[in-house]
Amino acid sequence: MQFVSEPSVPVKIQKMKQRVRWRDSQMLKRGIDQTQLVLDDGWDDHPEFSFLVVGDSGSGSHRGHNPQREVAERVLEHRDECRFVLHTGDVVYLVGSSEFYPKNFIEPYREFLVGGDRPDQIRFDRMIFNQPFLPVPGNHDYYDLPFVYGLAVQLSLPIRNLFQSRIDLDVGWHGSSQGKDYARAFLDYLLSIPAGRELEQHLDRHYSAQASTGRCLRYEPKLFTRLPNRYYTFRYGGIDFFALDSNTFNAPIPLSKDAEGDLQRQQLEQRRSEVEKQKLEVIETSLNLNPTDPDDSEQLDDLRTKLEQLEENERDINKQLTANRAIVTDQEQLDWLQERLIESWNTESVRGRVVYFHHPPYVTEATKWDQAQTLAVRHRFRRVLNEVANGVGMLAEGRSIVDLVLNGHAHCLEYLRTEDTGHADSYINWIVCGGSGYSLRRQRKEGTVLSEGFTHPSSQVVRPVARSHLFIGRNGQGTHKRRPYSFLRIDVRDGNPPKFLIRPFVSERYQHQWLRPSYDPFEIG
């Protein structure tokens, strides 16, 4: 049995639209753009500014130590110098449930919240941030818990002892309710406001900012810190930021209906059987470990990591096996991104573009680099950039379509740069920031260069398309295992095109102690 389930792409889209009253008559009447926000933070707009990036953070304590809290405390050291925090998704593990927002988000990030000196009194759906905190949803923020499993856990059946006491998974009665809890925590959940006068007053009060596309939401730290939609854009210091929901365009491309497709299907089914066997082995191993023993405790942490990784592999395999030609992709969001990027290039005051979303198109982390979802996101994001390149023509000559792409999902910190891919995603800087609190992963054994097959008239040619220049993830073995949790500070420089100073920060768990190794900053752009 799988421990979590995931709603379909159409359900994700439909539910999220309902929650923000997408294109409601009152929105249309006021000419409100529900994908735009203005950061009204009290600072003068300046071309030089800094911001922070965290991702895949949403874990609780790990048997006596709390990686997310350790990272949050270090993030706090930069808060006064940075204008906002971007979160690349997976805000709360394991299933994005409201039950775990207090422990896995509010408590570790309490200083960022109004009333944070009393975190136990903050409701997850009433959070107000002291400074802009701008997330995108991750896959775990959409996950749900099968009812039978949730019931078994809560009734203290043997499975509860196994997974709660041994492997310590954060599960309760329910999951995210198809992303509802994420929406209630971070989005302007208009569905809860009665239609009529009360809704009109809310819109007139909080959608008072003006953008080129119409009225939009005014994001005011300490007062109103809701997001208008699951994907959105904002401008700061002459840089356009685009936040996407990649959970609705990551569905694997269907297998072909020929002999090659049949062979792939057989291989996938065999892999799925192997994954099921490995899950049982993890469970059996955990039963022989003592969670109160420090060394056994760390091994149980590793087993939790392994179990979650196997679950993810199984979901990816199942998605490939069930994919069909009628697969639904969030074309509305991709068309929106294409349109807004073209508009950005035609806006003289904009000097750069940053895009952030959960699933990385390029990554060398061992469990993600060859996932079908990774390749699907790469294909669809690349297609958007191709269309933008055609649309802006000579405007982008000598520059990449976007200056920087930030992702999570892979539990590491990694900097990659694409080479000549034959598409408009060539020579782009990609940073994966997904190691801010949850289980860390290793780099793949195949190395730092990612390659693709290209079809020529007479042959299939494999050539490099991206190269990893920095990877910070789990490494070492046994008692010498290192767990480097991480976040980023990014300093944006003046100029057109802009330059970005990337400053990695790491808190490493080694032999039951916290270390703070230093990494040199590097400039891109």
Side-chain angles (χ1 to χ4, degrees), residues 9-24 27-28 30-39 86 88-89 134-138 142 179 182-183 186-188 190 207 209-217 219 226-236 239-251 327-347 350 352-359 361 376-392 395-396 401-407 423-425 428:
V9 168
V11 168
K12 292 174 186 173
I13 295 172
Q14 176 196 15
K15 293 291 186 181
M16 285 301 197
K17 282 186 173 183
Q18 291 173 349
R19 291 158 184 160
V20 298
R21 292 183 181 270
W22 180 254
R23 298 186 64 80
D24 182 271
M27 292 286 187
L28 298 176
R30 288 164 172 75
I32 290 174
D33 177 2
Q34 289 181 264
T35 63
Q36 182 85 35
L37 64 84
V38 168
L39 293 183
L86 304 184
T88 59
L134 306 164
V136 290
Y142 274 112
Y182 174 91
F186 297 107
L187 305 190
D188 191 16
L190 297 177
Y207 290 76
Q210 191 67 39
S212 60
T213 53
R215 279 175 56 180
C216 65
L217 184 143
Y219 189 107
R226 294 277 157 174
L227 303 173
N229 191 31
R230 62 190 172 91
Y231 60 91
Y232 54 93
T233 182
F234 65 95
R235 184 172 298 164
Y236 205 95
I239 307 293
D240 277 348
F241 290 82
F242 300 89
L244 307 180
D245 180 3
S246 57
N247 296 279
T248 55
F249 59 86
N250 68 330
I327 194 167
V328 175
T329 295
D330 190 359
Q331 196 59 46
E332 183 178 27
Q333 180 183 183
L334 296 176
D335 289 345
W336 168 85
L337 176 62
Q338 176 183 323
E339 176 186 328
R340 291 302 176 87
L341 279 172
I342 292 174
E343 178 187 336
S344 178
W345 273 101
N346 283 282
T347 303
V350 176
R353 283 145 284 273
V354 175
V355 184
Y356 65 108
F357 51 96
H358 188 58
H359 298 81
V377 170
R378 184 190 302 178
H379 169 75
R380 294 178 181 121
F381 187 62
R382 172 185 284 172
R383 190 169 59 192
V384 169
L385 297 186
N386 286 343
E387 292 298 325
V388 174
N390 291 334
V392 301
L395 283 174
I401 293 300
V402 297
D403 298 279
L404 176 62
V405 180
L406 298 165
N407 302 112
H423 299 273
D425 63 350
I428 288 179

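Basis for what follows: all heavy atoms, side chains included, without hydrogens, waters or symmetry-related copies.
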Within a strict 4.5 Å, meaning less than it, do heavy atoms of the S212 and T347 side chains meet?
no
Beyond-backbone contact of I428 with V405, side-chain heavy atoms, under 4.5 angstrom:
yes
May I ask you to check whether F357 and F381 place their ring centers less than 6.0 Å from one another?
yes
Could you tell me which non-hydrogen atom of R21 sits nearest to which non-hydrogen atom of M27, and how far apart they are?
O-CG, 4.1 Å
R226 meets the side-chain contact (heavy atoms from CB on, under 4.5 Å) criterion, sequence neighbours left out, with D188, F224
Of all heavy-atom pairs linking V136 and A243, the shortest is CG1-CB, 3.5 Å
For F242, all residues meeting ring pair (Phe, Tyr, Trp, His ring centres under 6.0 Å), sequence neighbours excluded
none
Name all residues meeting the salt bridge (charged side-chain N to carboxylate O under 4.0 Å, His left out) criterion together with R30; count only those two or more places apart in sequence or in a different chain, and write none if there are none.
D204
Take Y182 and M16 through the side-chain contact (heavy atoms from CB on, under 4.5 Å) test and state the conclusion after the steps.
CA-CA 10 Å; Y182 174 91; M16 285 301 197; 4.2 Å; yes
Output yes when a side-chain donor or acceptor of Q34 lies under 3.5 Å from a complementary backbone atom of V20, and no otherwise.
yes
Residues which pass ring pair (Phe, Tyr, Trp, His ring centres under 6.0 Å) with W22, listed by chain and number, not counting sequence neighbours
none
Taking side chain as C-beta onward, heavy atoms only, is L134 less than 4.5 Å from L39?
yes
Listed partners of Y142 passing ring pair (Phe, Tyr, Trp, His ring centres under 6.0 Å), at least two apart:
none
Any donor-acceptor pair under 3.5 Å linking the side chain of D403 with the backbone of R353?
yes
Is any side-chain heavy atom of R19 closer than 4.5 Å to a side-chain heavy atom of L187?
no
With sequence neighbours left out, write down each residue that passes side-chain contact (heavy atoms from CB on, under 4.5 Å) with V38, or none if nothing qualifies.
A209, C216
Might you point out which heavy atoms bring P135 and L227 nearest each other, and give the distance in Å?
CD-CD1, 3.6 Å
R215 side chain vs I32 backbone, donor-acceptor pair below 3.5 Å
no
Under the salt bridge (charged side-chain N to carboxylate O under 4.0 Å, His left out) rule, collect the residues that match up with R340, sequence neighbours excluded.
D33, E343
Listed partners of K17 passing salt bridge (charged side-chain N to carboxylate O under 4.0 Å, His left out), at least two apart:
E332
Which residues share a salt bridge (charged side-chain N to carboxylate O under 4.0 Å, His left out) with D245, sequence neighbours left out:
R230
I'd like to check V377 versus F249 (side-chain heavy atoms, cut-off strictly below 4.5 Å). Are they in contact?
yes
Run through V355, L337, I401, N390 and flag the one making a side-chain contact (heavy atoms from CB on, under 4.5 Å) with L385.
I401
Residues in side-chain contact (heavy atoms from CB on, under 4.5 Å) contact with V9, at least two apart in sequence or another chain
I13, T248, V328
Qualifying residues under ring pair (Phe, Tyr, Trp, His ring centres under 6.0 Å), relative to Y232, sequence neighbours excluded:
none
Any residue meeting side chain to side chain donor-acceptor pair (under 3.5 Å) with S246, in chain and number order, not counting sequence neighbours:
H359
